[in-house]
Amino acid sequence: MRILLVEDDEGIAKVVTAALASQHYQVDLATDGDEGIALAEIFKYDLILLDWMLPKLTGIDLCKQLRNARDRTPIILLTAQDTSTNKVEALDAGADDYLVKPLDIPELLARIRAVLRRSSTPLLPVLEWGLLELDPSNCQVSYDQELLHLTPKEYGLLELFLRNPHRIFSQSFLLDNLWSFEEPPTENAVRAHIKSLRRKLKEAGVKNDLIETVYGLGYRLRQLPEEGSGQTKTEKNKGKKVAKKTPSNLKQSKSKSDSSVSPVPKAQSEEPKQSGLSAIWEQQKSKYIKRLNVLERAVTDWRDGNLTGKLRQEALGEAHTLAGSLGSFGFDQGSLKSREIEQILQSGKKASEEVIAHLSQLVVELRQELETEDNLPKPTQSQPLPITNSRFPIPHSPRLLIVDDDVKLAQGLASEVAAGKMQVEVAGDISQARKAIARNRPDVVLLDLCFPESAGNGLELLAELKTTEPPVPVVVLTVQESFAERVKVARLGGRGFLQKPVAPQKVMDAIAKVLQQSGPPQAKLLIVDDDPQILDHLRTVLEPWGFQLTLLNDPQQFWETIEQCTPDLLILDVQMPEFSGIDLCQVVRNDPRWGELPVLFLSAAQDAETVQQVFMAGADDYVQKPIKEPELLARVLNRIERSQLRLSMIAQKNQMLSDK
């Protein structure tokens, strides 16, 4: 569960955060009231811990604003003021509980559990995967009835995988959802926790790796073996059916973003891909050879004691470019040699005979590899991935499923929509809807959220439809009207939100819009890299996806170009002449028009200092060269979808405010 702590006292904040983390809660910290209200409005929390006396906006005023906006998130007020008048004021403002400082941590944790039990959020079921069980009510994990001792991050990872058994989670998604804002963003942390979790599961007796690595994209839950293999049943369950948890009986976890990881296109045959890379290489080969000439000149001058600082820097830049570029063309050894050359030039070692001889040998071997005719570039090897594809072509006669217990309204809408040459089916409750979907998959669903006389609700079905392959687009039609409901629908992948009563024409317009959006992405990308060969390579990777690309190899023309093309995503190389990618990112973040533009960096640099500089400049993501195509596509699509979701949420909120 995710908790928002709004506290300006750094010492108390650290103590409370550590205590909550020990109980497997994920904590976001805000240090003033304005920051707290902003986080509470954007993200969904299970509970808010709120200090009374805060800078900019007091806890009481923050609480009132949330309640006036119909936000029913449980709130516990923390304060040093211990009078009955203060308690009455706090409870009248909408707080669910009140705790006096100095805090007694066990009491705080007990009050949190009590408030969560009283909240409208139902208790979550025990999650099972074969012999593995995770009980959210007490945060315990066991395998074959033996308790596992997991860290908070390991527990969070496992819970996320079990709640979304068919999803692939990128490292950046896991960082966003399991690490708080105060923790430094490093994907090495994700890999370390995944490795530790696998080790503990193996020590507990899990025969196969429970968590599968999907090359270039991230991680997902490995499918269970067939029954009878000894992995899906235990002695305690003899005579009792043990159901494998699927999207139909698992609720989605609450997170900042539920955007599904988008797929790569269907794999083309190796021959066309090979010839495409080879063609680009043949066009650009001579330019890479010229870069080698600079390295050879630097080695010669160094041997003769005439190496100038200018030539060293020029050679360092060429080696850096080769290290990133050659691997993208399949010259893995050449990339490694270039990186070693770069490290030698960067280290400033004395010009000993051994160092110069080794450097000279590396340059010779590098030239031999690039000039050998048989060494044509080899595409990065990757296996076909069974990933969700949400971008299917619009059928000539699309099928619509209307899920609504108001039969008269549903039939009236069905007759209107059918006139538009659309196949329509009506389901009166969630159970009927599931059967209809299993029988004949619809192209779009019109879904009500409330079914008071039947089991299940619309949000549960919406969560299930998002995990189907490919996901079924859903337009929500409901009498419920609150920003919180709109956010829930958006996070679960809803494509539209309509409030009853609504004219049939508006319903048809919303459905038509959703079907049109099911085509390829229409996002505009601006890519800035001083290496034309990398730009050509990126063009071959991204153009088949329908992106509108603007490629720029001169960073001095950046500002004029970005204003002309108005991109939806910016891709920058880190090291470029005159203006680095970090310079460009800082300029973008300083301008109100582009402050929220997603920025993705490409670089051959692997040192922690460069990565830190990139994120401090305002980067959203970082991809290392040589570029792995599936990883790049996943990150680009993920950033665009998250940006579009955010813009959609802002537009919905603005619409709500204008309607009041």
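What you see below is based on every heavy atom in this structure, not just the backbone, and it leaves out hydrogens, waters and symmetry mates. Every value quoted in this text rests on a predicted model; they were computed, and no experiment measured them. In this chain, residues are counted from 1 in sequence order.
No side-chain heavy atom of E464 sits less than 4.5 Å from a side-chain heavy atom of L459. Looking at L50 and L78, their side chains never come closer than 4.5 Å, going by heavy atoms from C-beta outward. The shortest side-chain heavy-atom distance between R635 and V623 falls under the 4.5 Å cut-off. Proximity of P598 to L570: side-chain heavy atoms (C-beta onward) are nowhere separated by under 4.5 Å. For the pair L201 and L197, the minimum side-chain heavy-atom distance is below 4.5 Å. Proximity of I562 to P567: side-chain heavy atoms (C-beta onward) are separated by under 4.5 Å at one or more points. Side-chain contact between L498 and V476: absent, with no pair of heavy atoms (C-beta onward) separated by less than 4.5 Å. Using a 4.5 Å heavy-atom cutoff, the side chains of K200 and L150 are in contact.
Residues I571 and L525 approach most closely at CD1-CD2, 4.2 Å, considering heavy atoms. Residue L600 comes nearest to L602 through the heavy atom pair CD2-CD2, 3.7 Å, listed as atom of the first residue, atom of the second, then distance. F601 approaches A619 most closely through the heavy-atom pair CD1-CB, 3.4 Å. Heavy-atom minimum distance, I75 versus C63: CD1-SG, 3.8 Å. Heavy atoms only, all atoms of each residue included: V636 and F547 are closest at CG1-CZ, 4.0 Å. For the pair G33 and L54, the tightest heavy-atom approach, listed with the atom from each and the gap, is N-CB, 4.1 Å.
Salt-bridge formation is not detected for the pair D568/K524: no Lys NZ or Arg NE/NH1/NH2 atom is positioned less than 4.0 Å from an Asp or Glu carboxylate oxygen. Ionic pairing of D61 and R67 is not present here: no N-O contact between side-chain nitrogen and carboxylate oxygen is shorter than 4.0 angstrom. With respect to R589 and D583, no salt bridge is recorded, no charged nitrogen being found less than 4.0 Å from a carboxylate O.
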Practice problem: Before giving the answer on side-chain hydrogen bond (donor to acceptor under 3.5 Å, both in side chains), spell out for S196 and E154 the whole-Å C-alpha distance, their side-chain angles and the decisive distance to 0.1 Å. | Solution: CA-CA 8 Å; S196 177; E154 292 165 356; 2.5 Å; yes
Exercise. Report the C-alpha distance between V489 and V474 in whole Å, list the side-chain angles of each, state the deciding distance to 0.1 Å, and finish with yes or no for side-chain contact (heavy atoms from CB on, under 4.5 Å).
Key: CA-CA 9 Å; V489 169; V474 177; over 6 Å; no
Quiz item: Could you go step by step and tell me if L132 and L158 meet the side-chain contact (heavy atoms from CB on, under 4.5 Å) rule?
Solution: CA-CA 10 Å; L132 185 70; L158 184 59; 3.9 Å; yes
Self-check item: R2 vs D28, side-chain contact (heavy atoms from CB on, under 4.5 Å): CA-CA, chis, key distance, verdict
Solution: CA-CA 8 Å; R2 198 173 195 95; D28 289 337; 3.0 Å; yes
Practice problem: Show your reasoning for whether side-chain contact (heavy atoms from CB on, under 4.5 Å) applies to T151 and H193. | Solution: CA-CA 9 Å; T151 67; H193 282 85; 4.2 Å; yes
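In this structure, CG in L447 is found 10.5 Å from CZ in F497, a value given to the nearest 0.5 Å. Note that OG1 of T31 and CG of D51 are 11.5 Å apart. Values are rounded to the nearest 0.5 Å. Atom CG of L99 sits about 6.0 Å away from atom CG of L108, to the nearest 0.5 Å. If you take CG on L109 and CG on L20, they are separated by 6.5 Å, rounding to the nearest 0.5 Å. K488 contributes atom NZ, which lies 9.5 Å from atom CG of L449 (distance to the nearest 0.5 angstrom). To the nearest 0.5 Å, atom CD1 of residue I211 and atom CZ of residue R220 are 13.0 Å apart.
Legend: residues meeting salt bridge (charged side-chain N to carboxylate O under 4.0 Å, His left out) with E203, ordered by chain and number and at least two apart, are R199. Residues satisfying the salt bridge (charged side-chain N to carboxylate O under 4.0 Å, His left out) criterion with K202, sequence neighbours excluded, are absent altogether. F161 meets the ring pair (Phe, Tyr, Trp, His ring centres under 6.0 Å) test with F169; sequence neighbours excluded.
With W129 contributing its side chain and R222 its backbone, the two residues share a donor-acceptor pair below 3.5 Å. Judged purely by atom type and a 3.5 angstrom limit, R111 has no side-chain atom pairing as donor or acceptor with the backbone of D97.
Counting only N and O atoms by type, the side chains of D46 and Y25 include no donor and acceptor under 3.5 Å apart.
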